[in-house]
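These notes concern the structure reproduced below.
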Amino acid sequence: MVTRPTAPPPPPPPLSPEAFNAAYPPAPGSAPKLDADALLTGLNDRQREAVTLPPGPALVLAGPGSGKTRVLTHRVAWLVGVERVPTWQVMAVTFTNKAAREMRARLDTLLGGHAMDRLSIGTFHATCARLLRVEASGADILDFDGRFIIFDSDDQIRTVKRVVRELDLDDKQYRPRAILGAISAAKNEMIRPREYNPPTYWHEVAGRVYERYQALLRLSNALDFDDLLLETATLLRDVPAVRDKYRARWQHVLVDEFQDTNSVQYQMVHGLASAEIADAPHNLFVVGDEDQSIYRWRGADYRNIQRFRRDFPAARTVLLEQNYRSTQTILDAAQAVIAGNANRTPKELWTDSKGGAGITLFEAYDEGEEAAYVVRRIEQMNTRGREYGDFAVMYRTNAQSRAIEDALVRRRIPYQLVGATRFYDRREVRDALAFLRLAHNPLDEMSFLRVLNVPTRGIGPKALSYVQAVSDEFNVPLWSALQLLVDDEVERDLPGLGPVDNRSRNALTTFHTIIDGLLFARDTLEPSALLGRALDTSGYANWLRDGSEEGEERWENLLELRGVAEDFGALPPREALSAMLESVALVADVDGIAEGEDGAQQGERVTLLTLHSAKGLEYKVVFITGLEEDTLPHSRSANDPEALEEERRLLYVGITRAEEKLHLVHAFRRSLFGTTEVRQPSRFLTELPPEVLTPSAARTTRSRSKESSPRTEETQWRKAPTRAGAAAGRTQFHAGDKVRHASFGEGIVVTSAERDGDEEVTVAFVKGGIKKLLQSFAKLEPRG
DNA sequence: CTAATCCAGGTTTTT
DNA sequence: CCTGGATTAG
């Protein structure tokens with residue numbers, strides 16, 4: 001593929017205006033020259049067109065499985081290897097670390113491992129963080145300095161809570177989550193506290209919180225996720241020197257998943273590419289798919305694709321419709337579903353792989369049976385030669401994973417859970433990181449307060465109030481206040497508090513000693529050792545490992561964290577520490593961390609994940625579970641047509657993950673927060689054309705679409721439960737009977753379910769409506 | 001100050 | 001169901 005000439009390549013024609021090359025002479029870090037034909041082999045016509053587009057704005061509309069990442073990476077390779085653009089002039093942004101890593105890896109292969117270090121490839125957030133660290137040091141345009149820390153969602157919510165309490169607000173009426181949402185929304189619109197124009201009284205209050213929240217952030221020299229974007233976009237908009245510098249530097253900007261950009265991200269990209277500098281072409285290459293826009297709730301707007309067309313009328317558009325992933329059957333199903341959305345530009349996906357297995361639709365009795373079904377199918381296919389790694393089980397909400405996990409554990413099938421209680425959200429991990437953050441910067445109040453009394457060392461509200469009082473009195477951070485206290489450099493009688501009692505004093509000294517020790521060690525110990533020291537001297541390790549199973553589990557998480565820390569061992573300690581903390585703050589997914597306890601590799605495990613985290617992935621066999629009203633579409637989306645369209649896109653994303661076989665599963669009833677409810681099948685199911693389904697599944701949807709007719713279907717069980725009915729004393733069944741699962745209208749409801757390999761049967765009579773009926777369900781013991 | 005216990009509330013998706 | 005907050009007993 002990649003050929004390296006033996007003779008030095010002839011000087012390439014400069015892609016960018018000479019003026020730029022003169023002003024910014026190419027730095028070391030140009031890529032090897034690539035052979036254009038070799039680079040393009042294996043690409044289809046459309047892909048080739050996209051990869052070789054002339055400079056200028058470009059929009060690639062890429063359907064699922066159409067080789068989007070391939071196009072992006074080849075485009076970069078084309079630019080640096082064929083067009084001879086210096087690598088440092090290229091910036092590619094993605095949304096996830098995973099995508100960035102993958103791009104990097106693929107480019108590494110394409111470019112033969114050279115010249116990678118000068119390419120800017122990263123997530124929006126990471127890219128912004130890097131830029132801000134540079135720009136905030138020195139210039140005092142910004143109200144924070146380059147050593148800022150990054151607040152994650154937990155820090156954010158704690159801060160908002162603190163402000164809500166401070167302002168004496170009712171946290172029921174002003175729920176911290178909601179307020180944080182409002183703040184985030186404002187930031188996404190680039191609205192600062194002072195410019196905030198509240199539409200309602202509630203928002204006015206939220207605005208007050210916003211102001212104080214922001215002040216607290218800056219007090220800790222902290223930025224939240226939204227700030228990273230906002231401050232960068234503002235800088236590029238308002239400071240010509242900075243803007244021009246980066247425009248000149250990044251002459252080629254490539255954006256992945258453009259449909260998921262929010263307004264700030266759009267402006268940032270737009271700002272970088274605008275042509276206010278004479279002769280600068282807008283070399284902005286964006287790739288996206290409106291149909292896969294699933295982050296509306298955090299400000300993403302697929303209409304940015306339309307906006308792009310409007311703002312860059314000269315943009316060339318390339319449509320990628322050939323799919324290399326799924327069977328035609330699966331594509332047909334996907335298109336039928338997405339066709340239900342009104343606001344979209346139609347695309348016609350096609351593939352060379354005609355036909356394919358029908359899509360199975362299964363109605364389970366409840367989530368337990370749903371899980372049993374999935375697991376049974378996996379086992380069946382596994383014995384027929386499928387690897388566990390070929391399977392993925394997807395769901396709308398993380399809570400749904402529990403039942404599936406249970407079933408997998410019982411059958412001893414190795415699995416991998418993506419996301420869920422994220423590794424870095426675990427309490428012990430956050431505690432441990434708080435120690436490291438304090439070692440990095442003891443003024444970090446969030447971390448200070450977090451571990452001040454963890455493990456408990458006798459510092460309660462009383463002791464804290466001394467520190468707080470000193471902090472207020474002398475207007476210094478908590479850490480400095482603590483220092484003053486333990487060094488006995490403040491008046492013994494604090495205003496309104498009286499003398500500091502000895503117990504508090506001792507406890508505070510203990511804490512001070514711990515952190516001081518870390519500060520002392522941070523320049524010599526590498527992060528993993530520093531972490532070990534922190535856990536030892538703080539007593540955290542002992543406290544955690546109290547002999548309980550839970551304690552050991554948590555301890556293992558800390559060992560994993562230690563493993564993460566070891567990756568930074570090569571750098572000088574001080575640098576390694578900040579690199580590690582930065583990386584950890586911007587990591588969202590757990591991949592690479594959750595290697596199996598049972599020794600199974602990733603490829604040998606069933607993957608469990610939400611539909612959201614499934615984007616960009618593919619599996620041979622996909623199960624989409626919980627296809628019910630109020631789950632998919634989710635109840636929160638019920639009243640909002642826009643939100644409903646997003647739910648449909650979510651299902652579309654899920655369906656198009658499947659390469660060969662798709663199972664759609666829904667349950668007749670499902671328990672949620674303790675109570676059980678009857679579920680209606682998802683409206684999206686009725687949008688599936690019967691011919692994409694397996695015959696029996698097609699029959700089911702058809703009978704279901706006739707509204708008032710009874711909903712019946714034969715169960716999947718071969719053996720009827722033995723005289724289970726008799727045990728109920730209501731009706732009788734015999735071995736060999738065909739058990740029916742009749743939900744409505746027949747006077748009797750019978751369902752079977754599997755539990756621990758045994759079948760469980762439920763029988764009831766219809767009396768007083770379905771709700772009553774379900775309450776009166778009798779649970780029966782199976783008999784041998 | 002800590003630990004145990006009770007209670008109410010909130011439960012979508014994630015950089 | 002699970003968490004986090006509040007309350008209470010020690």
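Chain naming here is simple, since letters A, B, ... match the order of the sequence lines and numbering starts at 1 in each. Every value quoted in this text rests on a predicted model; they were computed, and no experiment measured them.
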Within the structure shown, what part of the strands sits under 4.0 Å from [X] by heavy-atom distance: base, sugar-phosphate, or nothing?
{"X": "A:Phe95", "answer": "sugar-phosphate"}
{"X": "A:Lys161", "answer": "sugar-phosphate"}
{"X": "A:Ala126", "answer": "nothing"}
{"X": "A:Phe124", "answer": "nothing"}

Checklist entry - For A:Glu370 and A:Ala667, which heavy atoms make the closest approach, and how far apart are they? => result OE2-N, 4.3 Å
Item to check | Most 5' of A:Arg457 and A:Leu672 on DNA chain B, judged by nearest nucleotide | outcome: A:Arg457
Checklist entry - Considering heavy-atom distances to DNA chain B, does A:Arg636 or A:Asn453 have its closest nucleotide positioned more toward the 5' end? => result A:Asn453
Quickly work out the [X] [atom1] to [N] [atom2] distance and round it to whole Å.
{"X": "A:Arg177", "N": "B:dT14", "atom1": "CZ", "atom2": "C1'", "result": "12 Å"}
{"X": "A:Leu651", "N": "B:dT13", "atom1": "CG", "atom2": "C1'", "result": "15 Å"}
{"X": "A:Arg430", "N": "C:dG4", "atom1": "CZ", "atom2": "P", "result": "11 Å"}
{"X": "A:His634", "N": "B:dT14", "atom1": "NE2", "atom2": "C1'", "result": "15 Å"}
{"X": "A:Lys172", "N": "C:dA6", "atom1": "NZ", "atom2": "C1'", "result": "11 Å"}
{"X": "A:Arg427", "N": "C:dG5", "atom1": "CZ", "atom2": "C1'", "result": "14 Å"}
{"X": "A:Arg175", "N": "C:dG5", "atom1": "CZ", "atom2": "P", "result": "15 Å"}
{"X": "A:Asn398", "N": "C:dT3", "atom1": "CG", "atom2": "P", "result": "13 Å"}

Next on the checklist: Any side-chain N or O of A:Thr610 below 4.0 angstrom from OP1/OP2 of B:dT14?
Outcome noted: yes
Next on the checklist: Just N and O in the side chain of A:Arg402: are any of them under 4.0 Å from OP1 or OP2 of C:dC1?
Outcome noted: no
Next on the checklist: Taking the C1' atom in each of B:dT13 and C:dG4, what is the distance between them to the nearest angstrom?
Outcome noted: 22 Å
Item to check | Nucleotide nearest A:Trp297 (side chain, heavy atoms from C-beta), chosen from B:dT13, B:dC1, B:dT11 | outcome: B:dT13
Next on the checklist: From the set B:dT2, C:dC2, B:dT14, return the single nucleotide nearest to any side-chain atom of A:Thr456.
Outcome noted: B:dT2
Checklist entry - Crowded around A:Arg147 CZ? As in, over 12 foreign heavy atoms under 6.0 Å? => result no
Next on the checklist: Out of the candidates A:Arg218, A:Arg133, A:Lys187, only one should pair with A:Glu231 under the salt bridge (Lys or Arg N to Asp or Glu O under 4.0 Å) rule; please name it.
Outcome noted: A:Arg218
Item to check | Ion pair check, A:Asp406 and A:Arg410, cut-off under 4.0 Å | outcome: no
Checklist entry - Given A:Phe124 and A:Phe225, is the ring-ring contact (aromatic ring centres under 6.0 Å, His included) satisfied, shown in steps? => result CA-CA 10 Å; A:Phe124 267 105; A:Phe225 287 131; over 10 Å; no
